[in-house]
Amino acid sequence: MAAKFAPQDTQAQTLETLCRAAEAELRAKLRPGLEEHTYRDALICAAAWLALANLPPVSSADIRGFSAGEVSVSLGGAQSSAGKLREQAMALMAPYTNGDFAFVGVRG
């Protein structure tokens, strides 16, 4: 799916690797006990967005939006930065994850 929205000069192997890494990142955040059919479409879209976010600069000309199953995502011109793609991906998966909470630099 991400290949349809990636710049034409993006190598397929690179994009495939980024997609696999994005899927693994998202699966690691899934709440236990969920059945795959309940989150599959969102996972596909979110993994594609994360993969695209990790490519070199993404402009509004490159991505407008896409859908998979019942999940549809679109971006406006100013919102199509890598950070916004990541935010959108995490928002898609929010109903299925425990969130992004982490302790960083806690002194004891």
Fill in the blank from the handout: Taking every heavy atom of Ala47 against every heavy atom of Cys19, the minimum-distance pair comes out as CB-O, 4.3 Å
Completion exercise
Minimal heavy-atom distance between Ala51 and Ala22, with the atoms involved, is N-CB, 4.1 Å
Problem - Residue pair Arg27, Tyr39: steps toward the side-chain contact (heavy atoms from CB on, under 4.5 Å) verdict - result: CA-CA 10 Å; Arg27 283 187 183 277; Tyr39 62 82; 3.3 Å; yes
Practice task
Answer yes or no: is there a side-chain heavy-atom contact under 4.5 Å between Met93 and Leu43?
Solution key: yes
Exercise for the section: Tell me, yes or no, whether the heavy-atom count around Gln13 atom CD, taken from other residues, nucleotides or ligands under 6.0 Å, exceeds 12. Expected result: no
Problem - Glu87/Lys84 ion pair, N-O < 4.0 Å - result: yes
Handout entry: Donor-acceptor under 3.5 Å (Arg31 side chain, Pro95 main chain)
Key = yes
What's the spacing between [X] [atom1] and [Y] [atom2] if we round to 0.5 Å?
{"X": "Leu92", "Y": "Gln88", "atom1": "CG", "atom2": "CD", "result": "5.5 Å"}
{"X": "Arg20", "Y": "Leu15", "atom1": "CZ", "atom2": "CG", "result": "10.5 Å"}
{"X": "Thr14", "Y": "Asn54", "atom1": "OG1", "atom2": "CG", "result": "12.0 Å"}

Exercise for the section: Report the C-alpha separation of Leu50 and Glu23 in whole Å, then their side-chain angles, then the decisive distance to 0.1 Å, and conclude whether the side-chain contact (heavy atoms from CB on, under 4.5 Å) test is met. Expected result: CA-CA 9 Å; Leu50 287 179; Glu23 179 184 2; over 6 Å; no
